[in-house]
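Predicted model only: the values in this text are computed from it and were never measured. Atoms within a ligand are numbered from 1 in the order they appear, just like the ligands themselves. Both backbone and side-chain heavy atoms feed into the values below; hydrogens, waters and symmetry mates do not.
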Amino acid sequence: MENILEIKNLNLFFDRYQALYNVNLSLKQGIMHALVGESGCGKTMTATSVMRLLPKSAVIKSGEIYFKGENLLEYKENRMRNLRGNNIALIPQDPMTSLNPLYTVGNQLIEAIRAHSKVSERQALRKAKEVMDLVKISDIDNKLNFYPHEFSGGMKQRIIIAMALACNAELIIADEPTTALDVTIQKQIMDLIDEIKKEFKTTILLISHDLALVSNYADYVSVMYAGHVVEEAPSEEFFKNPLHPYSVALLNSLPSKNPALKLKTIEGAPPNLQEIIPGCKFHPRCEFFQPGICDAKEPALKEKAIYHFSACLIK
Ligand SMILES: Nc1ncnc2c1ncn2[C@@H]1O[C@H](COP(=O)(O)OP(=O)(O)O)[C@@H](O)[C@H]1O
Ligand code: SF4
Ligand SMILES: [Mg+2]
């Protein structure tokens, strides 16, 4: 299967420290690939590198980001802007960062549709209604005239997803799309993203710190720790047979379905990136730490089982 997105050896720096280390990520078309890890590990910086929407102080020193075989890092800004409207859509945690509070959602949808295809206002309106229907918004004629603030958080996320559909996005990057929503709405939005994946073969990069949610929806999982991808596997394999000690610790800290099982939390906190940690970045927190090995050499991702990669010197 063709890789629609391929990140190769991405190294991203801020002024005083490195935020991403040789990040590699390959997304096959039509799958949902989850990027997980504790806050601060580099998930959003990976996503914003693809969108080329990085903070001004961030510098990509090396690496390539291929979208359908073309290196986005070589694109001029106007070509990139065009791609953002047409091929790659972002669902952010806070939908108001993408919606304009001053315009009705109908106007915003119509504008988005007309910005990338030469259609009349009437045709754009028809398409706007069609995508609102696809994201299961009822009473569409009325809702088209609503301003974003008249919608709940979950409904605003539906509008963002409708925008992505209106533009026929081939890749949707969803960065903690349901973190701000309550559990029932969370499920509805994730079900909707999942349906879109299946119906339109849209590729989804799902960024989440919520492993329980990821286990229900993702086809592949990549785990990040302190700017490194430390494990990657098909989802089923990952949850059955996690290999990296950090992944195991993350999974052990999940509220289990078995209430008798005592929760283990991971000792310590993720490192401050300004701190220099020699060898494996996880070693100060790892129960399998071996002095002289884990603090001497940086582990690289290795295929330890079929399609199952882990970056650990011991396990
Ligand atoms: N604007 C910024 N300036 C400096 N450092 C930043 C900025 N944004 C993010 N970072 C750093 O990059 C690291 C990765 O951040 P991020 O990708 O947002 O993490 P995640 O999404 O996994 O929580 C963080 O540790 C943070 O310190
Ligand atoms: S390399 Fe060592 S410290 Fe790092 S995860 Fe493996 S066992 Fe733990
Ligand atoms: Mg983030």
query: Residues two or more places apart in sequence or in another chain: which of them pass side chain to side chain donor-acceptor pair (under 3.5 Å) with E6?
result: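 Partners of E6 under the side chain to side chain donor-acceptor pair (under 3.5 Å) test: N3.
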Those residues that, when tested against E77, pass side chain to side chain donor-acceptor pair (under 3.5 Å) (two or more places apart): R84
query: With atoms numbered from 1 as shown, which atoms in ligand 1 lie under 4.0 angstrom from a non-hydrogen atom of S39?
result: 23 (O)
Considering only the protein, which heavy-atom contact is closest to [atom], and what is its distance?
atom: atom 12 (O) of ligand 1; result: F14 CE1, 3.6 Å
atom: atom 18 (O) of ligand 1; result: T44 CB, 3.6 Å
atom: atom 9 (C) of ligand 1; result: M45 CE, 3.6 Å
atom: atom 23 (O) of ligand 1; result: G40 N, 2.7 Å
atom: atom 26 (C) of ligand 1; result: Y17 OH, 4.1 Å

message: Could you check whether E170 pairs with K68 (Lys NZ or Arg NE/NH1/NH2 to Asp/Glu carboxylate O, under 4.0 Å)?
response: yes
Under 3.5 Å, is there a donor-acceptor pair between the [X] and [Y] side chains?
X: D219; Y: S235; result: no
X: T179; Y: Q93; result: no
X: S62; Y: N11; result: yes

message: Is the distance between the ring centroids of Y147 and Y103 under 6.0 Å?
response: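 Between Y103 and Y147, the centre distance exceeds or equals 6.0 Å.
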field: Contact with ligand 1 for G42, non-hydrogen, under 4.0 angstrom
entry: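 True for this residue.
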task: Spell out the protein N/O/S atoms under 2.8 Å from atom 4 (Fe) of ligand 2 as residue plus atom name.
output: C280 SG
query: Between CZ of F309 and CG of N24, what distance do you get to the nearest 0.5 Å?
result: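 F309 atom CZ to N24 atom CG measures 10.0 Å (nearest 0.5 Å).
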field: Residue part near ligand 1, for P55, under 4.0 Å between non-hydrogen atoms
entry: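 Under 4.0 Å from ligand 1, P55 contributes side-chain atoms alone.
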- request: Would you mind telling me if ligand 1 is within reach of the side chain of F13, the backbone, both or neither, using heavy atoms under 4.0 Å?
  value: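 Looking at F13 and ligand 1, no heavy atom falls under 4.0 Å.
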- request: Go through the structure and list residues passing salt bridge (Lys or Arg N to Asp or Glu O under 4.0 Å) with K304, not counting sequence neighbours.
  value: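 With neighbours one apart ignored, the set is empty.
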message: To check you understand the geometry: which heavy-atom pair defines the closest contact between E231 and S247, and what is its length?
response: OE1-OG, 2.7 Å
